[in-house]
Amino acid sequence: MVALNETMPFFPGKTQEEAQAALQEANAYLKTHMANMAGFWHITLSNMKRKELLDHVREKVRRIMLGYWRISDLKTVRLNRLVIKLFLYLLSNSGKGFWVTFVSQSGAWEQAFKAKTEALSMVELACCRRIVQLCHTLVTLGYYYHHMSSPG
């Protein structure tokens, strides 16, 4: 959990500093761009692009788990199985699972995810929350860079 919490915002092809500065700027106007961001997630990005975007977070989490457990195959690690289920949930229904996590402040995504999963410990739930937060950051940065590069 500590390694996940120490994971800083990132975006492929950008430095840590560039990503952090862009995230601060993007968060400043996020509420006014929510409808455009929904269009970016649901329309601009294909299912494959959505998966590719979230795969950056999935791969980073996988590397953290490999370093923690120091094994070559994570199939036996319960947290890895939960992470796989989490990403399947996030990408379900053409990305609607992720969008629920983005717009729901009430934890509706947690209830839906818990209903499909065996009981989660507090640490496992905290890991899932952090992974979702990292996905939010990456998608926000994806939208920001897309929006900034679009003409007009």
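Sequence positions, counted from 1, serve as the residue numbers for this chain.
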Between [atom1] on residue [X] and [atom2] on residue [Y], distance to nearest 0.5 Å:
| X | Y | atom1 | atom2 | result |
| --- | --- | --- | --- | --- |
| Glu124 | Leu79 | CD | CG | 6.5 Å |
| Ser94 | Trp41 | OG | CH2 | 10.5 Å |
| Gln133 | Thr140 | CD | OG1 | 10.5 Å |
| His56 | Leu141 | NE2 | CG | 12.0 Å |
| Leu45 | Glu52 | CG | CD | 9.5 Å |
| Leu120 | Lys85 | CG | NZ | 9.0 Å |

Is the closest side-chain heavy-atom distance between [X] and [Y] below 4.5 Å?
| X | Y | value |
| --- | --- | --- |
| Phe98 | Val132 | no |
| Lys60 | Leu134 | no |
| Phe87 | Val57 | yes |
| Met37 | Trp99 | yes |

Using modelled atom types and a 3.5 Å cut-off, is there a donor and acceptor pairing between side-chain atoms of [X] and backbone atoms of [Y]?
| X | Y | answer |
| --- | --- | --- |
| Arg50 | Leu91 | no |
| Glu18 | Thr15 | yes |
| Gln24 | Ala21 | no |

For Leu138 and Leu53, work out which heavy atoms get closest and say how close. CD2-O, 2.9 Å
Taking every non-hydrogen atom, the tightest pair across Leu90 and Leu54: CB-CD1, 4.1 Å
Do [X] and [Y] share a hydrophobic cluster, counting only Ile, Leu, Val, Met, Phe, Trp and Tyr and linking them when any side-chain heavy atoms are less than 4.5 Å apart?
| X | Y | answer |
| --- | --- | --- |
| Tyr68 | Ile84 | no |
| Ile131 | Val103 | yes |
| Met148 | Val139 | yes |
| Val83 | Met122 | no |

Hey, what's the ring geometry for His136 with Phe102, parallel, tilted or perpendicular (30° and 60° as the breaks)? tilted
Anything under 30° is parallel, anything over 60° is perpendicular, the rest tilted; go ahead and classify Tyr143 against Phe40. perpendicular
Is atom OH of Tyr145 surrounded by more than 12 heavy atoms (other residues, nucleotides or ligands) closer than 6.0 Å? yes
